[in-house]
Amino acid sequence: MAPEQRVSALRPGEEVRGLFACVRKDRRQTRTGSPYLALELRDRSGTIAARAFRDADALSGRFERGDIVRVHGRVERFRDELTLELDDIAKATEALDPSEFLPTAYRDLDELDGFLEHLVGEVYDRRYRSLLDGLLADGGLRASWRQAPCSRAGHHAYLGGLLEHTVAVATLAQDLCQLHPRLNSDLLLSAAITHDLGRTREFSLGADIGLTDEGRMLGHMVIGANILTARGRALDEGRRLALLHCVLAHHGPSSTPGGRFQSAEALALFRLNALDAGVKGALEHGLPG
């Protein structure tokens with residue numbers, strides 16, 4: 001079931017009955033000492049501040065931050081910002097699609113899926129290619145690869161962000177191999193395609209982007225290495241170690257036992273990953289100070 005009204009379409013004076021994600025919940029007091037709730041509600045189109053003055057404590061017990069809530073209220077203008085003044089709010093009980101409440105990729109996911117398949121087709125080493133084909137053939141993994149974000153609040157922090165980032169880094173890797181033909185293009189492209197594979201099991205999706213137990217305890221690089229180890233049994237030792245090193249070092253050599261890059265391909269992946277993440281972060285959040 002989708003929200004009845006979108007945040008981006010709300011106008012002053014409009015009555016609202018709809019479903020939203022509660023991403024902030026604070027209990028505050030008015031100047032006279034009366035309690036009220038200060039909230040932030042979101043759907044995939046945007047966020048809006050909300051307040052509940054009447055029966056604040058009773059309403060507070062009906063939901064928590066991170067819940068998807070059903071609300072009734074009216075849009076008002078407060079300090080030149082739209083605010084939703086609530087008469088009623090409670091946790092929604094029906095099954096809901098997280099994509100209705102989380103931001104989504106700007107690019108078409110079907111198009112990105114097609115690019116991913118094309119990039120896999122550019123890997124000619126039969127053992128790496130067999131590994132990649134097996135990953136793409138796994139329907140559950142493919143769906144998670146398509147839906148997962150790439151971070152919780154950093155670059156590509158929206159549904160589809162993982163697929164968008166993967167395609168970008170792999171495309172950069174393919175171009176770099178044209179400029180530097182001494183690079184092992186099959187290794188670098190395979191590593192670029194799989195470097196963030198652990199993101200498919202790192203996040204939980206609901207009213208907000210959270211962490212799974214596996215994501216909190218292991219992190220996406222270890223999860224990704226575990227996936228590749230389980231799926232890459234057909235790889236010989238040399239190929240397996242070279243690929244795992246690239247994946248485990250893509251945030252820098254400090255995450256590897258030797259503390260240094262063991263291949264030009266690992267160095268290249270680190271730089272390409274940082275390039276796409278940095279540029280995307282600047283476009284979304286502004287240049288670093």
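The two residues R146 and D113 have their closest heavy-atom pair at NH1-OD2, 2.8 Å. Across all their heavy atoms, L82 and R77 have their closest contact at CD2-NH2, 3.9 Å. Nearest heavy-atom pair, A50 versus L41, reported as atom, atom and distance to 0.1 Å: CB-CD1, 3.9 Å. Taking all atoms of both residues into account, the shortest heavy-atom contact from D138 to G140 is OD1-N, 3.1 Å. Shown here for L132 and S190, the closest heavy-atom pair between the two residues is CD1-OG, 3.7 Å. In plain terms, the two heavy atoms of A56 and P35 that are nearest each other are CB-O, 3.6 Å.
Taking 4.5 Å as the limit, some side-chain heavy atom of R70 sits within range of a side-chain heavy atom of E94. Side-chain atoms of L188 and H180, non-hydrogen and from C-beta on, never get closer than 4.5 Å to each other. In this structure, the side chains of R27 and S60 stay at 4.5 Å or more apart for every pair of heavy atoms. Here the side chains of L283 and H155 are not in contact, with every heavy-atom distance at 4.5 Å or above. R6 is listed as a side-chain neighbour of R44, based on a closest heavy-atom distance under 4.5 Å. Within the 4.5 Å cutoff, the side chain of L39 has no heavy atoms near those of the V69 side chain. Between P149 and L205 the shortest side-chain heavy-atom distance falls below 4.5 Å. Side-chain contact between I227 and T200: present, with at least one pair of heavy atoms (C-beta onward) separated by less than 4.5 Å.
Atom-to-atom distance recorded for L269:CG and H251:NE2 is 9.0 Å, nearest 0.5 angstrom. Put simply, CD1 on I89 and CG on D55 are 13.0 Å apart, with the number rounded to the nearest 0.5 Å. Interatomic distance, SG of C150 versus CZ of F203, reported as 7.0 Å (0.5 Å rounding). The CG atom of L159 lies 6.5 Å from the CD1 atom of I209; values are rounded to the nearest 0.5 Å. To the nearest 0.5 Å, atom OG1 of residue T212 and atom CD of residue E214 are 5.5 Å apart. Annotation: the span from L109 atom CG to F115 atom CZ amounts to 12.5 Å, rounded to 0.5 Å.
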Audit row: R240, R233, side chain to side chain contact (heavy atoms under 4.5 Å, CB included) steps and yes/no
CA-CA 8 Å; R240 183 180 66 84; R233 295 187 180 93; over 6 Å; no
E40 vs R42, salt bridge (Lys or Arg N to Asp or Glu O under 4.0 Å): CA-CA, chis, key distance, verdict
CA-CA 7 Å; E40 184 175 331; R42 183 185 64 204; over 6 Å; no
Go through the steps to decide whether K25 and D67 satisfy the test salt bridge (Lys or Arg N to Asp or Glu O under 4.0 Å), and finish with yes or no.
CA-CA 10 Å; K25 176 188 178 185; D67 286 341; over 6 Å; no
How far apart are the C-alpha atoms of R54 and D88, what are their side-chain angles, what is the distance that settles it, and do they pass the salt bridge (Lys or Arg N to Asp or Glu O under 4.0 Å) test?
CA-CA 9 Å; R54 187 188 310 167; D88 192 35; over 6 Å; no
Go through K91 and E64 one step at a time and tell me if the salt bridge (Lys or Arg N to Asp or Glu O under 4.0 Å) criterion holds.
CA-CA 8 Å; K91 180 179 179 179; E64 298 295 337; over 6 Å; no
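No continuous path of ILVMFWY side-chain contacts below 4.5 Å connects L172 to L163, so the two sit in separate hydrophobic clusters. L141 and V167 fall within a single hydrophobic cluster, where Ile, Leu, Val, Met, Phe, Trp and Tyr are joined by side-chain heavy atoms under 4.5 Å apart, directly or via other members. At a threshold of 4.5 Å between side-chain heavy atoms, the hydrophobic network of Ile, Leu, Val, Met, Phe, Trp and Tyr places V16 and L37 in one connected group. By the criterion of side-chain heavy atoms lying less than 4.5 angstrom apart, applied directly or through intervening Ile, Leu, Val, Met, Phe, Trp or Tyr residues, L131 is grouped together with I223 in one hydrophobic cluster. The hydrophobic clustering, which links ILVMFWY residues whose side-chain heavy atoms are closer than 4.5 Å, places L136 and L189 together.
In terms of the side-chain contact (heavy atoms from CB on, under 4.5 Å) criterion, residue partners of V7 (sequence neighbours excluded) are, by chain and number, F20, D43, S45, I48. The side-chain contact (heavy atoms from CB on, under 4.5 Å) test applied to T166 returns L116, W145, L162, not counting sequence neighbours. Considering only residues two or more places apart in sequence or on other chains, F78 meets the ring pair (Phe, Tyr, Trp, His ring centres under 6.0 Å) condition with none of them. Residues that satisfy the side chain to side chain donor-acceptor pair (under 3.5 Å) test with H250, not counting sequence neighbours, are D196, H220.
Here the side chain of E202 pairs no donor or acceptor atom with the backbone of M221 at under 3.5 angstrom. E100 places no side-chain N or O within 3.5 Å of a backbone atom of D97 that could act as its donor or acceptor partner. Proximity of a side-chain donor or acceptor of E265 to a complementary backbone N or O of N184 within less than 3.5 Å is detected.
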Side-chain polar contacts of residues 117-125 - donor-acceptor pairs under 3.5 angstrom, sequence neighbours left out - could you list them?
unit_1 : atom_1 : unit_2 : atom_2 : d
E117   : OE2    : R142   : NH2    : 2.6
E122   : OE1    : Y124   : OH     : 3.4
E122   : OE1    : Q174   : NE2    : 3.3
D125   : OD1    : R127   : N      : 3.0
D125   : OD1    : Y128   : N      : 3.0
D125   : OD1    : R239   : NE     : 3.2
D125   : OD2    : R239   : NE     : 2.9
D125   : OD2    : R239   : NH2    : 2.9

Review item, side-chain donor-acceptor pairs of residues 270-280, under 3.5 Å, at least two apart:
unit_1 : atom_1 : unit_2 : atom_2 : d
N273   : OD1    : H165   : NE2    : 2.8
N273   : OD1    : H195   : NE2    : 3.1
D276   : OD2    : H165   : ND1    : 2.6
K280   : NZ     : Y158   : OH     : 3.2
K280   : NZ     : E164   : OE2    : 3.2

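The 12-atom threshold is not exceeded at CZ of R260, counting heavy atoms of other residues, nucleotides or ligands nearer than 6.0 Å.
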